[in-house]
S.K.: 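Next up is a structure, given as structure tokens.
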Amino acid sequence: MRTDPAVFLRPATWAEALAAKAEHPAARPIMGGTDVMVELNFDRPRPPALLDLTAIPELAGWERTGGLIRLGAGVPYTRIITELGDALPGLAGAARTVGSPQIRNRGTVGGNLGSASPAGDAHPPLLATGAAVEVASARGTREIPIGDFFTGPKRSALLPDELIRAVRVPAAAGPQQFAKVGTRNAMVIAVCSFALALRPADRAAGTGIGSAGPVPLQAPEAEEFLAGELDWTSPEALDERVARRFGELVAAAARPIDDVRGHAAYRRHALAVLARRTLTWAWDDYRRETAGAGDVDGQR
Ligand SMILES: Cc1cc2nc3c(=O)[nH]c(=O)nc-3n(C[C@H](O)[C@H](O)[C@H](O)COP(=O)(O)OP(=O)(O)OC[C@H]3O[C@@H](n4cnc5c(N)ncnc54)[C@H](O)[C@@H]3O)c2cc1C
């Protein structure tokens, strides 16, 4: 028997939304609906209420303060691609791979975080850039570092009365890349994915691994290795051994399983390839940007 949500809540302000969530903690937030509506259509367990967040203006915009982009939870992928390609190239690159134009017009990073799928495409670039998730309830606001946000498959640190307000992402301070393996080029859940963000001023790199563990992961050993191996001052063409070792360390950080989309062994192999490739692309970009680097010979 179908049990449709008995209550449909449509707050017009953020304060009203927090009050509604406090009063109905079991209410299911809905933003673009590209995950929620799939679940409802499949008649999976039905929430007692839907909390439609699409009328709240604060969620629909982004702002830049110094080196930080505060991205409202309701900004769709299409706008990230068209408006934030320069400031957030890793996230914009991931956004380009999400679903189809229709899904990118509706789907949001807030919804991706809300679903907390290990395969969510926004997660690796958020991990690679050290983003933080701004969440709020009627009790107040807090910021969750992205590395603490995911607590298990499709589980997050979000409490029942909390909503995601925004994600704070450091604007790119160097080249960023995102790459994804799927069974085809579009409309596909990642078999695995990888994001890399270079921060030359800090002599550092950030990583994010998708769809190869119970939660999206980082590869701290690979990051430390890169920081020590790369010559940031006079960047030469990337040493093949450095790229290879980086790939091995990224693959070692993954915790993949066999499932319908791919085997664990394939995922590790593919991640090593993605890590090598993205490092080569990002390093070539860095060499291009560095004065006197001259022509580079890296191939995409
Ligand atoms: C055909 C198709 C293709 C897809 N392809 C991809 C893909 O390539 N890559 C990918 O990563 N995903 C993909 N998805 C999944 C989906 O589009 C994304 O996860 C998207 O980011 C969800 O955003 P949304 O705004 O539509 O979320 P919604 O469906 O509205 O919500 C998703 C979840 O987040 C919660 N939520 C929403 N907003 C908030 C908030 N402000 N605070 C707290 N919780 C909130 C909801 O309650 C729900 O649990 C695809 C889906 C479809 C149907």
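Each residue takes its place number in the sequence, starting with 1. For ligands, and for the atoms within them, numbers begin at 1 and follow the listed sequence.
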S.K.: If we set the cut-off at 4.0 Å for heavy atoms, which region of I103 has an atom near ligand 1: side chain, backbone, both, or neither?
M.R.: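 The answer is the side chain.
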S.K.: How does M187 reach ligand 1, if at all, at less than 4.0 Å between non-hydrogen atoms: by side chain, backbone, both, or neither?
M.R.: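 Just the side chain.
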S.K.: Give a yes-or-no answer on whether the side chains of R10 and T54 include a donor-acceptor pair shorter than 3.5 Å.
M.R.: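 Yes.
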S.K.: Report yes or no: does a heavy atom of L158 sit under 4.0 Å from some atom of ligand 1?
M.R.: yes
S.K.: Quick one: do R244 and E248 make a salt bridge, cutoff under 4.0 Å?
M.R.: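 Salt bridge between R244 and E248, a charged N being under 4.0 Å from a carboxylate O: no.
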S.K.: Could you tell me whether R28 and E39 make a salt bridge, using a distance below 4.0 angstrom between a side-chain N and a carboxylate O?
M.R.: yes
S.K.: Would you check if L91 and L71 make a side-chain contact, meaning some heavy-atom pair closer than 4.5 Å?
M.R.: yes
S.K.: Please assess R106 against M31 for the test side chain to side chain contact (heavy atoms under 4.5 Å, CB included), listing each intermediate value before the final yes or no.
M.R.: CA-CA 8 Å; R106 294 292 307 176; M31 188 69 74; over 6 Å; no
S.K.: When only distance counts, is L59 in polar contact with ligand 1, meaning an N/O pair under 3.5 Å?
M.R.: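 Not met; the criterion fails.
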S.K.: Specify the protein heavy atom at minimum distance from atom 47 (O) of ligand 1: its residue, its atom name, and the distance to 0.1 Å.
M.R.: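 Looking only at protein heavy atoms, the one closest to atom 47 (O) of ligand 1 is P29 O, 2.6 Å.
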S.K.: With respect to atom 4 (C) of ligand 1, which of G99, S115, A95 exhibits the smallest heavy-atom separation?
M.R.: G99
S.K.: Going by the order shown, which atoms of ligand 1 are within less than 4.0 Å of some heavy atom of G32?
M.R.: 24 (P), 25 (O), 26 (O), 30 (O)
S.K.: With heavy atoms only and a cut-off of under 4.0 Å, state how V38 meets ligand 1: side chain, backbone, both or neither.
M.R.: side chain
S.K.: Among protein heavy atoms, which sits nearest to atom 51 (C) of ligand 1, and what does the distance come to when rounded to 0.1 Å?
M.R.: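 Among all protein heavy atoms, the one nearest atom 51 (C) of ligand 1 is T34 O, 3.8 Å.
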S.K.: Would E229 and R245 pass as an ion pair if we require N to O under 4.0 Å?
M.R.: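 Looking at E229 and R245, the cut-off is not met.
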S.K.: Check step by step if side chain to side chain contact (heavy atoms under 4.5 Å, CB included) holds for L51 and K21.
M.R.: CA-CA 8 Å; L51 179 58; K21 191 66 170 138; 3.9 Å; yes
S.K.: Please work out whether any backbone atom (N, CA, C, O) or any side-chain heavy atom from C-beta onward of K180 is under 4.0 Å from ligand 1, and answer side chain, backbone, both or neither.
M.R.: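 Just the side chain.
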S.K.: Where is the nearest protein heavy atom to atom 38 (N) of ligand 1: which residue, which atom, and how far?
M.R.: M31 CB, 3.7 Å
